[in-house]
Amino acid sequence: MLYFNPRGIGCNLCHGDTGKGKFITSYKHKAKNDKELKTITIASSDITNIDFKQFSKSINITKSKSIMPKYFLTTEEIESIYIFLKTQRSK
Ligand code: HEC
């Protein structure tokens, strides 16, 4: 399935096997004065419940500061991932 094996890193690794979002990582951010240690947590949001337009835009046009890699998928490929995620919604 494309969701697990697109041309690039699998979506499931960051979005979870059902697309409901996943805790990715957290790390301590070291500030200049060493006293302000901040914990930064990165997690992805639920992608089973967004509309197709927003969905396809997020995949092929990625903001430069995004954690998510850029993909070059065809409309058909994006559609098939989208349909797959809809079936995961109720799980
Ligand atoms: C390296 C981790 C990573 C991978 C791999 C990844 N994503 Fe993401 N994705 C994210 C993060 C983090 C966000 C949250 C917004 C941001 O940082 O741009 C996101 C946001 C999104 C959004 C927008 C959600 C919204 O609410 O607007 C969609 C849709 C999406 N991803 C779909 C996918 C699909 C489909 C794939 C596989 C082809 C994929 N992602 C692979 C990390 C990832």
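Computed over heavy atoms, backbone and side chain alike; hydrogens, waters and symmetry mates excluded. The first residue in the sequence is number 1, and the count goes up from there. Ligands are counted one by one from 1 in listed order, and the atoms in each one are counted from 1 as well.
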Spacing of OG belonging to S58 relative to CD1 belonging to I78, to within rounding of 0.5 Å: 9.5 Å
Polar proximity ligand 1 side, H15 side, N/O cut 3.5 Å exclusive: yes
Yes or no: does I50 have any heavy atom under 4.0 Å from an atom of ligand 1? yes
With atoms numbered from 1 as shown, which atoms in ligand 1 lie under 4.0 angstrom from a non-hydrogen atom of I59? 35 (C)
What I'd like to find out is whether the side chain of T48 reaches to under 4.5 Å of the side chain of T18, using heavy atoms alone. no
Below 3.5 Å, N or O to N or O, backbone or side chain included: is there any such pair between Y3 and ligand 1? no
Closest by any non-hydrogen atom to atom 31 (N) of ligand 1: pick that one out of R7, Q54, M68. M68
Atom of Q54, atom of I50 and distance for their closest heavy-atom approach: OE1-CB, 3.7 Å
4.5 Å side-chain heavy-atom contact, I9 and Y71: yes
Taking only residues two or more places apart in sequence or in another chain, which ones pass side-chain contact (heavy atoms from CB on, under 4.5 Å) with T75? E79
Please determine if atom 8 (Fe) of ligand 1 has an N/O/S atom from C11 lying under 2.8 Å away. no
Would you mind listing which atoms of ligand 1 come within a distance below 4.0 Å of any non-hydrogen atom of S45? 24 (C), 26 (O)
Element-labelled atoms of ligand 1 that are located less than 4.0 Å from some non-hydrogen atom of I47: 22 (C), 24 (C), 28 (C), 29 (C), 30 (C), 32 (C)
When rounded to the nearest 0.5 Å, the distance separating NE2 of H15 from OG of S45 is 7.0 Å
With the threshold set at under 4.0 angstrom, would you say G10 reaches ligand 1 through any of its heavy atoms? yes
Only pairs at least two apart or in different chains count here, so list each salt bridge (charged side-chain N to carboxylate O under 4.0 Å, His left out) that has a residue in residues 3-18. R7-E77
Do any of the N, O or S atoms of S58 sit under 2.8 Å from atom 8 (Fe) of ligand 1? no
